[in-house]
Amino acid sequence: MGVRNVISHSLWICWKDLLEFSRSKLRLVMLVLMPLFMMVMVGFIFPTGSTITDTPIALVNNDAGSMGTSFVAQLNAINNKSGMMLLSSATDFNDIKTKLQNNDIHGGLIIPENFSSDILSGKQGYITIVIDQSNPQMSLTMQGVITKTIEAMGKQSAISNLNSSYHVSVTTATSLITPYIVESKGIVPGEPNYFQFVAPGIIAMVVMMALMTGLPHAISYEKDMGTLDGMLAAPINRLSIILGKVTAQTVRGMIQGFIILLLAVVLFGVVIQGSILLVILLILLTVFSFVGLGILITSFTENEETATMVMMTLMFPMMFLSGVFFPLQQMPWYMQGLAKFLPLTYATTALRKVMVLGADISAVGTEVLILVAFGIVLLAVAVPMFRRAMSK
Amino acid sequence: MEKDSAGMNQAAHQFRCPRCGNIGEYSGKAGERLIVTCDSCKTKGRVTIPGIAEPPSTNGNAIEITHLRKLFKDFPAVDDVSFYVKKGEIFGLLGPNGAGKSTIIRMLCTLTRPTAGVATVAGYDIVKQSGKVRTHIGLVSEKMIMYEQLTARENLKLFGKLYNLPNDFLNKRIDELLAFVRMEKWADHRINTFSTGMKQRINVIRALVNQPEILFLDEPTLGLDPQSTAEIRELTKRINTENGTTIILTTHIMFEAEALCKRMGIIDHGKIVALDTPANLKKLVSGTDVSTFEIEVSNLEPRMMTSVQSLGSVKSLIQEDSNHLLVRTTGNDAFDDIVDSLRKNGAKVRMVKNLEPSLEDVFLHLTGREAREKVTENTPSSSVGPGHGPGRRRPKRIR
Ligand SMILES: Nc1ncnc2c1ncn2[C@@H]1O[C@H](COP(=O)(O)OP(=O)(O)OP(=O)(O)O)[C@@H](O)[C@H]1O
Ligand SMILES: [Mg+2]
């Protein structure tokens, strides 16, 4: 009887919240716009690795001999195919420096004076890559791209040398120089891409954000407006109020989560490998693991403003620490340790396993258990706090 | 009938000890839980007295308050207040801003816990039996309890559902209530399209959806125009007479309390300074030197008012219209002082009337202050209750 009443009351409160929500046009528009912005922002701002094209690079050729010129010609030929760089020429290191400082170029290449003479006398030829230290991400990629290109060129010239000087066939020469061929093979079809990586995390994050900002807002707003008194003066369990609000906010968060999922699939070619039901279950679990925190903050904070402030302060570190945007493994050990205390970390990991790798429930068992544990512990603290706060 | 009936259901009941089988006896009030001890083996056990728990005897009172206190930090918002409200009456709590009226209401509605003291509402303790209290009350608080984006019907439905009313019953009840305030036509319009007066009518019937025995009205006419104010007052009376609902009403408008309430308490700084019927309260001041004059000046000018106001014997001055003043005074020379001062300023005094004491005077007499400085209100004389001086007009209420 008691439980049935609590559920019935909370459903009516949820009905009221959703009805109110659906009648506000602005809120409806925001409901759709927020995930759209989120996805577009992540999609077009974050580097995706393979999308480097036409990066301006300055080239200095100080070589007196012919080797330098032929190197440049070869580089141009390869670059014409890949289109990664936009090559221009510069006079010397200082010229490159100025151009880098003016942000005209992202990197430079210097062929030294004695390049030809070194090679012709049987030594190795030096080439200097000038990197942009203000842009570590770009300079790292540039370094990789140029090194790879030059290495390929080196191999190419070695093969042709072997072929012309020692009459070794091109095939044999190739296998002599590069004895191993590396082939990458995923466990599910498709290339790895950054969207595939971020989409699961963003879904978890958006659902979390909807709940964490929505819940304290919904309650403190009613407190400020005085309508909460109407519910508190009615013979209903305090739990019904919070349960109703949580349900309404979860529905809102889930709708946003699905919009993201839809955008990821339709616009960004993300493929969901695992079961969609499992994805939904995991999202609900994410909500469960967070609800307690939302309630706790609601009970502690007096008004809407402080609630929002506390929420924001907590949410940002959580977003960046829990491996939504960057892989956890790339973080220093102490940050990785900290991330272990955030439910979002487990939610993201589990969702990623299911959505990207097609894992089934047994593969995410640990994460599920941890999320449930987080939920239970937080709720056990939060619910009595909330009851106390409501009867001050 | 007023006699205590607490001893009525003290009949003895029997229990069988689960250990030795011995039969023992116990007694108490229905619904009470006791610990009993077996006479032979001394085993202790818990029993509940059979029967439905009856609310404790309340001498026919809907609300009983004894030594109620509420501290915010160490500020006493309600300071040792005791009174009772009889079943079926309209009781008024009158006091200026910050007197502690709302705090008392909030405690009685179980929205905030008292720091000390006890109170029963409909016979139930507001702290220990808060759930029971809630089923018997309706609340119209200072802020409207309504969701603007929802229609009138949806609002009523939500609150009906919080009281577990079944659909058929609730729908009928909602129609009745809407008809009661003549708002049937507006049932399916959103609250945010209503005027403040219409909103307040819906807000009041919202508090009636569970057919409460006791209705709390915390400044129900705050912010309403004169016509809506009159409507809400009329509604308050009808709720009381037609449904027999006990009403406890707070206000800082003397006239409102006087027009509606059978008995009223005057509260100031968290303390009840007087409690009686309006008529008896007025007797407090007749025979004292507090009096109110209505003065008609044909060529009324601001400087005349300033000079009257600066007189030591004048407690307040209100301009009623372009040539009527309402002046509240203390002391026996007040009349002469005022007329002298007016004449000195070239005023042509056409008429001076000494009005019979009003509750405003009572308040002034009890607290030495105006209930609300320079602000009274304008009420159509048609709904003016008894006990008013002839031809009494009031200036517009400034908000
Ligand atoms: N939550 C609170 N925290 C601290 N002080 C409070 C709180 N609520 C009320 N007070 C203080 O208690 C006193 C009584 O307030 P209350 O609202 O009961 O007055 P009131 O008689 O209803 O006045 P009004 O005519 O303004 O409604 C005021 O001084 C107010 O500042
Ligand atoms: Mg008040």
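By convention in this document, chain letters (A, B, ...) are assigned in the order of the sequence lines, proteins followed by strands, and residues within each chain are numbered from 1. What you see below is based on every heavy atom in this structure, not just the backbone, and it leaves out hydrogens, waters and symmetry mates.
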Please determine, among B:Lys157, B:Glu142, B:Met144, the option with the most heavy-atom pairs under 4.5 Å with chain A. B:Lys157
Quick check on A:Asp224 against chain B: is it the side chain, the backbone, both or neither that has a heavy atom closer than 4.5 Å? backbone
Where does B:Leu162 contact chain A at under 4.5 Å (heavy atoms): side chain, backbone, both or neither? both
Any idea which of B:Met146, B:Arg206, B:Arg190 has the most non-hydrogen atom pairs under 4.5 angstrom with chain A? B:Arg190
Does anything in residues 239-264 of chain A get under 4.5 Å of chain B by heavy atoms, and if so which residues? none
Would B:Lys161 and B:Asn167 satisfy side-chain hydrogen bond (donor to acceptor under 3.5 Å, both in side chains), going step by step from the backbone distance to the final call? CA-CA 8 Å; B:Lys161 281 297 172 185; B:Asn167 277 330; 3.0 Å; yes
Between A:His9 and A:Asn5, is there a donor-acceptor pair closer than 3.5 Å when you use the side chain of the first and the backbone of the second? yes
Quick check on A:Met225 against chain B: is it the side chain, the backbone, both or neither that has a heavy atom closer than 4.5 Å? backbone
Chain A contact via B:Glu154 - which portion, at a heavy-atom distance below 4.5 Å: both
Proximal to chain A - members of residues 192-204 of chain B, heavy-atom separation under 4.5 Å: none
Contact part of B:Thr115 toward chain A, heavy-atom cut-off under 4.5 Å: side chain, backbone, both or neither? neither
Which label fits A:Trp15 and A:Trp12: parallel for a plane angle under 30°, tilted from 30 to 60°, or perpendicular past 60°? perpendicular
